[in-house]
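Before any comments, here is the structure.
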Amino acid sequence: MNNQNKIRVRMAPSPTGFFHVGSARTALFNWLFAKHHKGKFILRVEDTDVERSSEEMIKAVLEGMTWLGMDQYEGPYYQSKRMDFYRKYVDKLIEDGKAYYCYCNPQDLAEERKAAYANKQDWKYDRRCLSLNAADKKKKEESNAPRAVRFLIPEHRVTYKDIVYGEISKDSKDIEDFVIQRANGKPTYNLACVIDDHEMEITHVIRGADHIANTPKQILLYEALNLQKPEFAHLPLILGQDKSKLSKRHGAVSLTWYQEQGFLPDAMINYLALLGWSPGDDQEVFIKNGKLDIEILTERFTLERISSSNAVFDTTKLEWMNQQYIMQLPRSHFKNLLKPFITEYDLMTAQEMENKTDWLQEVCDLMQPRLKVLSDIDKQGRFFFKEDFEYDKAIEKHLDEKTLATMDKFLAEMQRIESFEQKPIELALRGFADDNSIKARELIHPLRVFTTGNTGGPPLFATLELIGKERCISRIEKILKQKKEK
RNA sequence: GGCCCCAUCGUCUAGCGGUUAGGACAUCACUCUUUCAAGGUGGAGACACGGGUUCGAUUCCCGUUGGGGCCGCCA
């Protein structure tokens, strides 16, 4: 890897219709590596299987990249638009006797394979079409039988040095003559991948460890085509709680889902960077001036520090990380980020937010240090906005005769507060407590539950001020009335 | 059935022959506080097992066990 400026990496998502967090991490590692070496990061869509792909399906990936702030890439290139291009390499392989036509019926082969496995037998394509005699071959051609192209695996051990896993070795006799071109003329993944990585002058192939098994196949192709091989770095897999490869059945695997929950892209990146990689010292949170310190992260990122064992995705730690980022957000920025969630949960309309911008900012200031994800605003702060919030069952503890009587009495006191602001409210409450020989907290707790439904939350007096006199009074009255009716 | 890979607290990890095995999340105390969150302090918590190599293994080698991945005319 001659010159550092020549580093070229790529991320090659398959168009599945959503953006897997594992793919996001692969993209991140490629992106950080390119950035670290001032190289190029290329986005290439692997959509050689036309029937399963569409431009629509790649949308989630493109949007996800933008959301994460990784939108400085070359491309995207679409393999589906480069089809002709792959054929000449296939033709060359056939010409050189390094690949051959296969007329077998895929369904038949699939059944043979399935039967073998069911029988606890190994199964590998037996090259029956390679040994076809001239007459049989002629017959096949004349009958217009569909033909795919298989790569003739040369016999020798394939060894390469993976940047994260070290030496990986595999005997080619354990690799079957895999198909490189489908009967419909389209190339398959391994072929297209090799050709493109070569044509795009990719220097480092950084991808998930689930591709380790493909690497020897691809190396064999590089050799057969006499192309220069890139370096390979495989990333440990991201696992679900059950330790199997994180997949849709684990639930939250789509980046979009995290976005919708109110995870911040910065927190997401910070967390993902730490999955399988570590800077080597104790730094985990890369925040500077309220946002991700991408400079330091980039500077410190190296492939050599990537771990080779798989990592379980820990949502709890992600949430903690997210809270770290939320807390340090500039307050006006936090407000702007929260707005979509406020409308999403029908807490306020855009117009109302416009009209009560100062009030909203104060609510935001109180809630900011308490949210793990932005969508928490609904269950934790709904009482600021609406009357239909839920009451914690702990309210039961405050429904005894004595408390109700005290609250009833305090209500009158509240009515008398002229400017309903936190200071006067606090003075009134403490004075009332003194006068009635009770502790302030004996009043504060029930008052909080009656007015907010919660046992905890932001400082009470500021909260009451923002709820407003009218609503505070009516909420307390409502509880007292309900109790009386029972 | 074949092949490949992995193995330090529950989880993410540091460690690259000699450490009281460090940090973070979670957890448990205590503290701060009107409550919650955040913060502070402290506790509990790991080298899968068995052989080697070595004066000495968490660290190197082999095996066992466990876990994972791949074996499509998907990528």
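So that the names make sense, note that chain A is the first sequence line, chain B the second, and so on, each numbered from 1.
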N/O donor-acceptor pair, side chain A:N214 with base B:A75, under 3.5 angstrom: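 Flag set: donor-acceptor pair detected.
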
N/O donor-acceptor pair, side chain A:Q121 with base B:G2, under 3.5 angstrom: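 Donor-acceptor pair under 3.5 Å: no.
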
Answer with base, sugar-phosphate or nothing: what part of the nucleic acid does [X] contact at a heavy-atom distance below 4.0 Å?
| X | value |
| --- | --- |
| A:A440 | nothing |
| A:T16 | nothing |
| A:Y165 | sugar-phosphate |
| A:C104 | base |

[N] phosphate, OP1 or OP2: any side-chain N/O from [X] under 4.0 angstrom?
| X | N | value |
| --- | --- | --- |
| A:R305 | B:G15 | yes |
| A:R113 | B:G72 | yes |
| A:Q422 | B:U34 | no |
| A:R370 | B:A38 | no |
| A:S308 | B:C5 | no |
| A:K245 | B:C70 | yes |
| A:K243 | B:G69 | no |
| A:K120 | B:G1 | yes |

Across all strands shown, which nucleotide pairs with [N] by Watson-Crick or G-U wobble geometry, both distances under 3.5 Å?
| N | answer |
| --- | --- |
| B:A29 | B:U41 |
| B:C70 | B:G2 |
| B:U65 | B:A7 |

A:E284 side chain, from C-beta outward: closest of B:A14, B:G23, B:A75: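 That would be B:G23.
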
Backbone N/O of A:F389 and side chain of A:R382: donor-acceptor pair under 3.5 Å: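 Checked: no pair found.
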
Charged N-O contact under 4.0 Å between A:R370 and A:D376: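 Salt bridge: no.
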
A:W277/A:F301 aromatic ring centres below 6.0 Å: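 Between A:W277 and A:F301, the centre distance is under 6.0 Å.
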
